[in-house]
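What follows is a short report on a single structure.
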Number of protein chains: 2
Amino acid sequence: MAMPATDTFATQAGNSYGPINSYATMAMAASGDACGLDIEAIRQHVPMRRCKHVAGQNIYHAGQPFHAIYLVHAGSYKICELADDGREQVSGFRMRGDLIGVESIGLKAYASDVIALEGSEAWELPYPAVLRACLHVPEMHARLTSALAAEIRSDRSWMLMLGTLAAERRVAAFLLDVASRYARLGYSAKHFILRMSRIDMASFLALKHETVSRALSHLHDMSYIDVQRREVRVLDVHGLRSMAGVGAALN
Amino acid sequence: MAMPATDTFATQAGNSYGPINSYATMAMAASGDACGLDIEAIRQHVPMRRCKHVAGQNIYHAGQPFHAIYLVHAGSYKICELADDGREQVSGFRMRGDLIGVESIGLKAYASDVIALEGSEAWELPYPAVLRACLHVPEMHARLTSALAAEIRSDRSWMLMLGTLAAERRVAAFLLDVASRYARLGYSAKHFILRMSRIDMASFLALKHETVSRALSHLHDMSYIDVQRREVRVLDVHGLRSMAGVGAALN
DNA sequence: TGATGCGCGTTACAAACCGTTACAAACCGT
DNA sequence: ACGGTTTGTAACGGTTTGTAACGCGCATCA
């Protein structure tokens with residue numbers, strides 16, 4: 001039982017010390033994608049256009065009927081679930097290569113609210129064209145289906161995390177997840193900038209932002225990380241992992 | 001703001017006082033399904049066989065490669081997420097008309113563990129046949145895709161519930177969800193038998209089983225419900241709803 | 001038949017964790 | 001420099017958990 005899959009990003013050490021991801025470098029990642037969707041291949045079947053983006057606004061305009069899904073090109077987006085009575089829950093963050101809006105397939109309106117964090121851009125894929133491509137190109141069908149299935153699996157592993165880990169462990173697991181996502185995109189997994197506020201992190205982790213602050217401070221005190229506002233340096237991956245429970249959540 | 005969608009099952013009052021769902025009556029529901037999947041229509045494209053079922057055993061046999069998805073015919077199944085370190089989280093319950101296993105599409109192994117609760121049966125749909133049908137029958141493609149999308153939306157509303165509601169409210173929301181599921185199948189929404197243990201409920205709601213017990217007792221004290229072990233009578237739907245937050249989670 | 005063991009459910013009490021509240025410091029744009 | 005927003009820190013209090021005890025139903029077995 002000696003640490004299976006213990007090196008989600010330690011094996012990628014080559015790029016673990018790559019450039020810190022800043023808003024600038026985020027926009028120029030390699031175009032090959034780690035998330036199963038190759039932009040060039042899709043473009044052969046579905047007309048895509050780059051989404052003009054205004055920081056802090058929904059990429060889905062409120063009240064508009066559902067007409068497209070989005071493929072994140074740069075930056076990141078937060079996905080929010082809204083209740084009738086005003087409650088709000090961040091259900092995830094999407095980065096380059098992730099799809100946004102697939103859960104609205106089959107609906108007349110959007111299932112969730114999507115908010116672009118600073119400096120984000122996405123490709124807009126008209127939904128009718130996507131459907132047509134799925135029916136005529138088996139490969140597209142397989143891609144969309146496994147993208148949906150992957151979305152479910154990812155949500156489930158967060159349910160596992162939220163249901164079984166205490167506050168501090170959730171924060172550790174979250175940091176490891178962010179790190180491995182950056183690593184997959186070719187950025188450093190040991191030094192990165194969180195693109196979301198403490199409040200967004202807290203909502204996603206089902207905590208209060210003060211609790212997130214305390215947890216981060218404590219992880220800092222234990223020398224697992226070095227954190228200053230949104231800048232994070234991972235000092236002890238092993239320690240973080242044991243804190244999060246080996247293989248906690250994530251992928 | 002006067003109570004939108006306030007009558008998820010109050011409008012179906014005609015069947016709200018139908019027969020109590022016992023293990024016997026559960027097996028003979030009408031064959032028309034409320035969940036978007038019509039068994040007879042599917043059978044035209046995909047060979048199905050009734051799954052022999054042994055209470056308490058996985059319907060996915062451990063170690064076997066992924067080869068089918070399942071359509072629940074009777075009873076209910078619980079879906080479990082497992083972590084490497086032994087943590088376990090119930091991520092949902094599936095009833096008649098629900099699909100099981102769609103999240104494993106595209107994988108060599110199963111994403112979650114599935115455990116049949118007492119008296120449950122399912123239709124087995126061989127996965128290759130399902131895929132073939134999706135490519136040749138547009139309607140099948142739409143059905144599978146929206147089943148996957150619905151799965152995502154359902155998971156997300158539970159994240160909303162877990163992230164924003166306190167313990168007692170979660171329990172109330174859970175009861176309302178169970179009630180509306182029974183109503184959709186034509187059973188009473190005001191008098192039903194919970195098919196899962198307190199421990200399973202607790203895991204699903206990210207609580208401890210004692211907390212679930214206390215919450216149920218308190219709902220009983222407030223005369224919202226009448227509960228005796230697994231038998232539940234809903235006495236005050238309105239009260240339950242305000243407890244859960246109007247329109248909380250569900251569906 | 002009655003005894004025993006086991007899992008499930010309920011309740012009480014104490015302890016721990018996290019949320020609440022409040023305030024101060026750092027950062028940002030103007 | 002200014003005000004507003006975000007983040008950090010601390011003390012307090014409440015909700016949830018942990019622990020333990022007990023009742024109940026059911027299966028096993030003498």
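Chain A is the first sequence line, chain B the second, and so forth, proteins listed ahead of strands; every chain is numbered from 1.
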Whole-Å gap separating [atom2] ([N]) and [atom1] ([X]):
| X | N | atom1 | atom2 | value |
| --- | --- | --- | --- | --- |
| B:Leu219 | C:dT11 | CG | P | 12 Å |
| A:Glu210 | C:dT21 | CD | P | 10 Å |
| B:Arg230 | C:dC8 | CZ | C1' | 8 Å |
| B:His209 | C:dG9 | NE2 | C1' | 9 Å |
| B:Arg198 | C:dT11 | CZ | P | 10 Å |

Query raised in the report: With sequence neighbours excluded, what pairs up with A:Arg233 under the salt bridge (Lys or Arg N to Asp or Glu O under 4.0 Å) test?
Result: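 A:Arg233 satisfies salt bridge (Lys or Arg N to Asp or Glu O under 4.0 Å) with A:Glu231 only.
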**Report entry** Residues forming a salt bridge (Lys or Arg N to Asp or Glu O under 4.0 Å) with A:Arg170, sequence neighbours excluded
**Finding:**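 Result, salt bridge (Lys or Arg N to Asp or Glu O under 4.0 Å) vs A:Arg170: none returned.
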Query raised in the report: What salt bridge (charged side-chain N to carboxylate O under 4.0 Å, His left out) pairs are there with at least one residue in residues 209-228 of chain B, not counting sequence neighbours?
Result: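 Sorted pair list comes back empty.
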Query raised in the report: Do the non-hydrogen side-chain atoms of B:Glu88 and A:Leu160 ever get within less than 4.5 Å of each other?
Result: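 A side-chain contact is absent here, since even the closest heavy-atom pair is not under 4.5 Å.
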**Report entry** Span of DNA chain D in contact with chain B (heavy atoms, under 4.0 Å)
**Finding:**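 First and last nucleotides in contact are D:dT16 to D:dT19.
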Requested in this report: Assign B:Ser197 to base, sugar-phosphate, or nothing according to its heavy-atom contacts below 4.0 angstrom with the strands shown.
Outcome: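 Contact class for B:Ser197: sugar-phosphate only.
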Query raised in the report: Is it true that A:Arg181 and A:Asp98 have a side-chain N and a carboxylate O under 4.0 angstrom from each other?
Result: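 Salt bridge between A:Arg181 and A:Asp98, a charged N being under 4.0 Å from a carboxylate O: yes.
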**Report entry** Nucleotide-level pairing of DNA chain C, given in dot-bracket where Watson-Crick and G-U pairs need both distances under 3.5 Å and | marks other strands
**Finding:** ||||||||||||||||||||||||||||||
Which residues satisfy the side-chain hydrogen bond (donor to acceptor under 3.5 Å, both in side chains) test with [X], sequence neighbours excluded?
| X | result |
| --- | --- |
| B:Thr164 | A:Arg87 |
| A:His220 | none |
| A:Arg156 | B:Glu151, B:Asp155 |

Please list, chain by chain and in numerical order, all residues satisfying side-chain contact (heavy atoms from CB on, under 4.5 Å) with [X], sequence neighbours excluded.
| X | result |
| --- | --- |
| A:Ser217 | none |
| B:Ser203 | B:Gln89, B:Val90 |
| B:Ala150 | B:Arg153 |

Could you go through nucleotides 13-19 of chain C and list every protein N or O atom that sits under 3.5 Å from one of its N or O atoms, giving the distance for each pair?
| residue | atom | partner | partner atom | Å |
| --- | --- | --- | --- | --- |
| C:dC18 | OP1 | A:Ala167 | N | 2.9 |
| C:dG19 | OP2 | A:Thr211 | OG1 | 2.5 |
| C:dG19 | N7 | A:Arg214 | NH2 | 3.0 |
| C:dG19 | O6 | A:Arg214 | NH1 | 3.2 |

